[in-house]
Amino acid sequence: MPKILIIGACGQIGTELTHKLREKYGEENVIASDIRKLNNDIVNNGLFEVVNALDFNQIEHIVEQYHIEEVYLMAALLSATAEKNPAFAWDLNMNSLFHVLNLAKAGKIKKIFWPSSIAVFGPTTPKHQTPQYTVMEPSTVYGISKQCGERWCEYYNHIYGVDVRSIRYPGLISWSTPPGGGTTDYAVDIYHKALSDGKYECFLSEETELPMMYMDDAIRATISIMEAPAENIKIRSSYNLAAISFNPEQIAGEIKKHIPEFEITYKPDFRQKIADSWPASIDDSEARKDWGWKHDFDLDNMTSDMLDHLK
Ligand code: SER
């Protein structure tokens, strides 16, 4: 069993990833960490350490103390929050990555997972079935940090032999932990508001189609790319990954099948421009070919599952 450290374990992805890794590899082999004790469930049900992702010495100390072999670096500022604090977003998203890459370069850890995003694409990227290799001119701070991060991951792999693996997550939808400041967050809020208020005011316009994925699929993809034999991971920047694409009108239509009186209205804000710069759908055939990726959840079974859990 590998010894695993999760940095950013209390966030939207980190929480569910920590649960799954504890279940799979045993509580004694998984060390969850975050900047603060933000989630009682994660803090109280296994090993937990307070770690600032920007503090190299702190990360190194935990890695040595627990003989860590694999690190999942989930700490980041997402797209909408990053636009409000560009300097901090750049600092956090880039320097936390350098810390972990440098620990691997020094031989102190064996394997890294680092999340990238559909935000690496920009307004000049082909919008539909966006290919793995294409024009990438991101126009958000978040996207710029993720694109640079991808380049550094590939560089550390090619030059120093660091085993780093990455996925370009689409918008992620989950019921157990709230999302943290992304442009795709509406697709989580909408379920909560449908149940509590019977209506939702959407910050994106009705026809804004974006690539999305249910958290169960995202966690499965994450663990599966980490468990794949190293020689199967041919792309060391980051893999396109896809499941579903829909717009707000379509998700609202699906919710109405369960809650017929549900109403949606639209009031686009600054996040519309971010969404408009991103792809509508993604071609993830490389991930399917190289490490056997396959999604389970579509819009209809995801909606049933979300509403069942939130009720
Ligand atoms: N879901 C993220 C965001 O909206 C994209 O990676 O920022």
Side-chain angles (χ1 to χ4, degrees), residues 8 11-17 72-86 88-90 92-94 96-97 113-123 125 127 130 136 138-150 153 166-192 202-205 208-219 221-222 225 237-248 251 268-282 284 287 295 297 302 306:
Q12 189 198 11
I13 308 174
T15 301
E16 304 213 16
L17 184 63
Y72 291 72
L73 175 56
M74 312 312 284
L77 237 56
L78 293 188
S79 60
T81 320
E83 289 309 300
K84 298 195 166 149
N85 201 343
F88 178 62
W90 177 255
L92 175 63
N93 293 3
M94 293 313 301
S96 60
L97 175 60
F113 178 82
W114 177 77
S116 186
S117 160
I118 52 166
V120 292
F121 300 116
T125 301
K127 228 176 164 43
T130 301
M136 294 166 86
S139 51
T140 62
V141 179
Y142 177 66
I144 296 168
S145 73
K146 289 295 179 185
Q147 193 198 23
C148 292
E150 285 191 8
C153 286
S166 177
I167 282 169
R168 291 171 182 155
Y169 288 128
L172 297 182
I173 295 153
S174 62
W175 55 269
S176 81
T177 315
T183 301
T184 55
D185 293 5
Y186 91 84
V188 178
D189 298 342
I190 195 170
Y191 288 109
H192 288 270
C202 186
F203 59 74
L204 298 182
S205 67
T208 310
E209 183 182 349
L210 289 168
M212 300 276 188
M213 181 177 285
Y214 200 36
M215 188 60 86
D216 297 49
D217 274 338
I219 298 299
T222 306
I225 193 176
S237 50
S238 190
Y239 277 92
N240 276 9
L241 192 77
I244 348 168
S245 278
F246 56 79
N247 63 36
I251 190 174
D269 66 14
F270 73 101
R271 290 168 281 194
Q272 183 66 48
K273 201 170 156 209
I274 301 178
D276 287 341
S277 78
W278 289 352
S281 59
I282 298 282
D284 64 351
H295 72 279
F297 282 88
M302 175 179 84
M306 274 298 277

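Whatever order the structure lists them in is the order used to number ligands and atoms, beginning at 1. The first residue of the sequence shown is numbered 1, and numbering continues consecutively from there. Quick caveat: nothing in here was measured; it's all calculated off a predicted structure.
Within ligand 1, the atoms closer than 4.0 Å to a non-hydrogen atom of L78 are 7 (O), numbered from 1 in the order shown. Against a heavy-atom cut-off of under 4.0 Å, W278 is close to the following atoms of ligand 1: 3 (C), 4 (O), 5 (C), 7 (O). Near T183, meaning under 4.0 Å from any of its heavy atoms, are these atoms of ligand 1: 3 (C), 4 (O), 7 (O). For ligand 1, the atoms closer than 4.0 angstrom to any heavy atom of Y142 are 5 (C), 6 (O), 7 (O). Residue S79 has at least one heavy-atom neighbour below 4.0 Å for each of these atoms of ligand 1: 3 (C), 4 (O), 7 (O). Near S117, the atoms of ligand 1 lying under 4.0 angstrom from a non-hydrogen atom of the residue are 5 (C), 6 (O).
Taking a cutoff of 4.0 Å between a charged side-chain nitrogen and a carboxylate oxygen, E83 and R271 do not qualify as a salt bridge.
Of the residues listed (V120, I282, D284), the one engaging T130 in a side-chain contact (heavy atoms from CB on, under 4.5 Å) is I282, and it is the only one. Of the residues listed (W90, Y142, F88), the one engaging L77 in a side-chain contact (heavy atoms from CB on, under 4.5 Å) is F88, and it is the only one.
If you check which protein heavy atom lies closest to atom 1 (N) of ligand 1, you get T184 OG1, 2.8 Å.
Counting only distance, with no hydrogens or angles, the side chain of D217 and the backbone of F297 share a donor-acceptor pair below 3.5 Å.
Under the 30°/60° scheme for interplanar angles, the aromatic rings of F203 and Y186 are found to stand perpendicular.
Atoms CH2 and OG1, on W278 and T208 in that order, are 12.0 Å from each other to the nearest 0.5 Å.
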